[in-house]
Amino acid sequence: MDAITVTDLVVDRGRRRVLPGLTFSVPAGEVTGLLGPSGSGKSTLMRAIVGVQRVRSGTVDVLGHPAGSPTLRSRVGYVTQAPSVYADLTVRENVRYFAALYGRGVAEADAAVADVGLRDAAGQLVADLSGGQRGRASLACALVGAPELLVLDEPTVGLDPVLRVELWDRFHALARAGATLVVSSHVMDEAARCDRLLLLRDGALLADTTPAQLRTDGRSHDLEEAFLNVVRAREGVTA
Ligand SMILES: Nc1ncnc2c1ncn2[C@@H]1O[C@H](COP(=O)(O)OP(=O)(O)OP(=O)(O)O)[C@@H](O)[C@H]1O
């Protein structure tokens, strides 16, 4: 079953055509990586999936409904690059507040805080956290709602390698439990951690693939090199 179906999606931002016509689907219960260079349209596409982006034409269906439908509000979680937490509340208070909004309890809130590695900072005001910690607090607020679809815009930026691995393990645990995750990154080493990959370049879908298939098509075990080889092959340049 597909969690997301995008058909002929065209998005303009300002006077620029950012997405010139995308068609793809995202299977449910998997971690799909949205990868591409800075400015390739990853955030714009995520905004369209969660229904906050004005689209020029085409359709985006999420969990069987048009993106942005009121019925999807509690079923879709979205964490942007700008942390959306209350600076004058502690981490624990923030997550418990969001838990209450989603009808979850204190125990679930505290578990979400631990899941993002913030147990030791739970009593700290968000205003006093580092940027990376703030991002994780924001992530905990989304996780506590246990959404069926979780859309995460570069969730591991600024995190140390240990925490990154822990978060990716957490993403896979959520997928095993039935959630669908769409995670953007411009770091190709994270591509290896995804079940499926959507590779964007200049708003166009360069590949809808898996890490293994990308390695085969790009003739390299190194995913960054494989990606570049696929780009070169598409553009008719010999590698
Ligand atoms: N509000 C806006 N008005 C006009 N153009 C915009 C706006 N927001 C983004 N863009 C343009 O749309 C294009 C895609 O931006 P987007 O943020 O989707 O890329 P991205 O792949 O997420 O980049 P990054 O990895 O740097 O976050 C860029 O060329 C950007 O300049």
Side-chain angles (χ1 to χ4, degrees), residues 3-26 31-62 67-68 76-85 130-139 142 149-161 163-164 167-168 171 180-194 196-209 211 214 218 223-228 230-232 234-235:
I4 303 171
T5 310
V6 172
T7 311
D8 298 328
L9 177 65
V10 177
V11 174
D12 295 337
R13 296 189 82 171
R15 284 156 63 176
R16 267 198 70 174
R17 177 138 302 180
V18 175
L19 302 179
L22 283 180
T23 297
F24 64 89
S25 54
V26 170
V31 181
T32 296
L34 187 54
L35 283 109
S38 179
S40 56
K42 303 183 295 295
S43 300
T44 303
L45 177 55
M46 291 185 141
R47 285 166 53 83
I49 291 170
V50 299
V52 298
Q53 176 64 54
R54 184 189 300 263
V55 309
R56 178 152 197 94
S57 59
T59 58
V60 181
D61 283 316
V62 174
V76 176
Y78 177 40
V79 181
T80 67
Q81 289 180 39
S84 43
V85 273
S130 72
Q133 287 175 317
R134 230 174 274 190
R136 278 185 281 150
S138 200
L139 181 57
L149 171 66
L150 198 47
V151 179
L152 306 173
D153 200 348
E154 309 224 7
T156 61
V157 164
L159 298 187
D160 66 70
L163 209 51
R164 260 199 203 198
L167 271 186
W168 276 96
F171 298 159
T180 304
L181 288 92
V182 176
V183 183
S184 75
S185 176
H186 59 258
V187 193
M188 284 304 285
D189 70 353
E190 294 199 324
R193 302 190 181 280
C194 300
R196 296 202 61 80
L197 297 173
L198 295 170
L199 302 181
L200 268 189
R201 189 174 155 87
D202 295 332
L205 201 58
L206 197 69
D208 178 349
T209 186
L214 179 60
L223 284 171
E224 178 128 31
E225 195 174 305
F227 175 74
L228 288 172
V230 168
V231 172
R232 290 185 186 118
R234 281 287 171 89
E235 293 176 354

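When a ligand or atom number is given, it counts from 1 through the structure's own listing order. The first residue of the sequence shown is numbered 1, and numbering continues consecutively from there.
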Item to complete: Enumerate the protein residues lying less than 4.0 Å from ligand 1, judged by heavy-atom distances, in chain and residue-number order.
Response: R13, G14, R16, V18, P37, S38, G39, S40, G41, K42, S43, T44, Q81, E154

Fill in: side chain to side chain contact (heavy atoms under 4.5 Å, CB included) against S185, all qualifying residues, sequence neighbours excluded
L35, V187, E190

Compile the donor-acceptor pairs under 3.5 Å between side chains in residues 5-13 and protein atoms, sequence neighbours left out, one pair per line.
from: D8; atom 1: OD1; to: T23; atom 2: OG1; distance (Å): 3.2
from: D12; atom 1: OD1; to: R17; atom 2: NE; distance (Å): 2.8
from: D12; atom 1: OD1; to: R17; atom 2: NH2; distance (Å): 3.4
from: D12; atom 1: OD2; to: R17; atom 2: NH2; distance (Å): 3.2
from: R13; atom 1: NH1; to: T44; atom 2: OG1; distance (Å): 2.9

Item to complete: Report the C-alpha separation of T80 and D153 in whole Å, then their side-chain angles, then the decisive distance to 0.1 Å, and conclude whether the side chain to side chain donor-acceptor pair (under 3.5 Å) test is met.
Response: CA-CA 5 Å; T80 67; D153 200 348; over 6 Å; no

Worksheet item: Could you state the interatomic distance from CZ (R196) to CG (L181), rounded to the nearest 0.5 Å?
Response: 15.0 Å

Response to the item:
Contacts of R201 meeting salt bridge (Lys or Arg N to Asp or Glu O under 4.0 Å) (sequence neighbours excluded), chain-then-number -> E235

Practice prompt. Could you tell me whether a side-chain N or O of K42 sits under 3.5 Å from a main-chain N or O of V183, the two making a donor and an acceptor?
Written response: no

